[in-house]
Amino acid sequence: MPTVELSFTPLPAHVRTARLIASTVGRRVGLDESLVDEVRLAVGEACARAVGVQRSGGQADDVVVAFSDDDGMFTVTVHDWAGAGSEVEMPDLVEATEDLDEAFHPGFGLAVVSGLVDDVEVTSGEPGTVVRMRWPLSSSVSS
């Protein structure tokens, strides 16, 4: 499969779409059904973190999510464009929001991702952060 790329404005509502696409593409490329929920949750956390960092830094650039199936692995990368050193401050009081992921420090989302995914790599720099997650594909892929 060629790389599938999703680009969306940094709004919490778009995180749900990224989760749905991750599940769908994962199934399409032969991801074992037992891993689909893990992928959905990990992609959701990585995207929510990217949205939160960009919104807190006033970044309007799109969050970019790429899906590929190279070398027998399903790879998902989530790229935000917030400047190096941009961080979401931990709020004094967590207010009710449409998406509670916004209320947490970005490190919280990465901790959840690392708990869900065995093969995860986070690269920070200028510009932004790239979270790369990989899962093994089933040996029998139906194209």
Side-chain angles (χ1 to χ4, degrees), residues 1-91 94 96-143:
M1 167 188 91
T3 299
V4 173
E5 192 171 279
L6 167 67
S7 178
F8 61 89
T9 56
L11 296 172
H14 297 308
V15 172
R16 288 180 226 128
T17 302
R19 288 182 190 132
L20 176 63
I21 291 171
S23 299
T24 302
V25 173
R27 283 185 178 108
R28 176 74 175 119
V29 299
L31 188 66
D32 189 86
E33 194 61 34
S34 66
L35 295 175
V36 171
D37 279 342
E38 180 180 300
V39 168
R40 182 180 56 77
L41 290 170
V43 169
E45 288 297 328
C47 288
R49 183 216 155 269
V51 166
V53 169
Q54 287 203 198
R55 288 174 59 99
S56 71
Q59 293 284 331
D61 296 324
D62 288 352
V63 173
V64 178
V65 184
F67 307 93
S68 64
D69 66 343
D70 298 328
D71 302 323
M73 300 292 283
F74 179 51
T75 303
V76 181
T77 59
V78 178
H79 190 173
D80 69 67
W81 304 97
S86 294
E87 299 209 9
V88 177
E89 294 297 321
M90 183 65 91
V94 177
T97 63
E98 177 183 323
D99 190 348
L100 288 178
D101 291 335
E102 283 183 31
F104 295 103
H105 190 278
F108 179 81
L110 292 177
V112 173
V113 169
S114 67
L116 289 168
V117 185
D118 291 334
D119 186 354
V120 62
E121 178 183 318
V122 179
T123 308
S124 293
E126 286 290 340
T129 301
V130 176
V131 178
R132 185 183 126 278
M133 302 167 282
R134 293 170 39 111
W135 294 269
L137 292 173
S138 302
S139 56
S140 59
V141 177
S142 60
S143 295

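Atom set for the values below is all heavy atoms of this structure, side chains included, hydrogens, waters and symmetry mates excluded. Quantities reported herein were computed from a predicted structural model and do not represent experimental measurements.
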Val122 vs Thr129, side chain to side chain contact (heavy atoms under 4.5 Å, CB included): CA-CA, chis, key distance, verdict: CA-CA 7 Å; Val122 179; Thr129 301; 3.7 Å; yes
Validation row: Val65, Thr77 side chains within 4.5 angstrom (heavy atoms): no
Spacing of CD belonging to Glu33 relative to OG belonging to Ser23, to within rounding of 0.5 Å: 9.0 Å
Under-4.0 Å salt bridge between Asp80 and Arg49: yes
Side-chain donor/acceptor of Asp71 to backbone N/O of Met73, under 3.5 Å: no
Name of the residue among Asp69, Val25, Val36 meeting side chain to side chain contact (heavy atoms under 4.5 Å, CB included) with Leu31: Val36
Exam field: side chain Glu121 to backbone Met133, donor-acceptor pair closer than 3.5 Å: no
Shortest non-hydrogen contact from Leu137 toward Gly30: CD2-C, 3.9 Å
Minimum heavy-atom distance between Gly44 and Val15, given as atom pair plus value: O-CG1, 3.5 Å
Heavy-atom side-chain proximity of Phe8 to Cys47 below 4.5 angstrom: yes
Results of side-chain hydrogen bond (donor to acceptor under 3.5 Å, both in side chains) for Ser7 - residues two or more places apart only: Asp62
Ser68 versus Thr3, closest heavy-atom pair with distance: CB-OG1, 3.7 Å
Minimum-distance pair of heavy atoms, taken over all atoms of Pro10 and Asp61: CD-O, 3.5 Å
side-chain hydrogen bond (donor to acceptor under 3.5 Å, both in side chains) partners of Thr9, counting only residues at least two apart: His14
Side-chain donor-acceptor contact under 3.5 Å, Trp81 with Gln54: no
Set of salt bridge (Lys or Arg N to Asp or Glu O under 4.0 Å) partners for Asp37, sequence neighbours left out: Arg40
Criterion side chain to side chain contact (heavy atoms under 4.5 Å, CB included) on Leu11 and Arg55, from CA distance to verdict: CA-CA 8 Å; Leu11 296 172; Arg55 288 174 59 99; 3.2 Å; yes
Side chains of Thr75 and Arg132 in contact at under 4.5 Å (non-hydrogen atoms): yes
Min side-chain heavy-atom separation Val63-His79 under 4.5 Å: no
Validation row: Glu38, Trp135 side chains within 4.5 angstrom (heavy atoms): yes
Ile21 vs Phe67 side-chain heavy atoms within contact, under 4.5 Å: yes
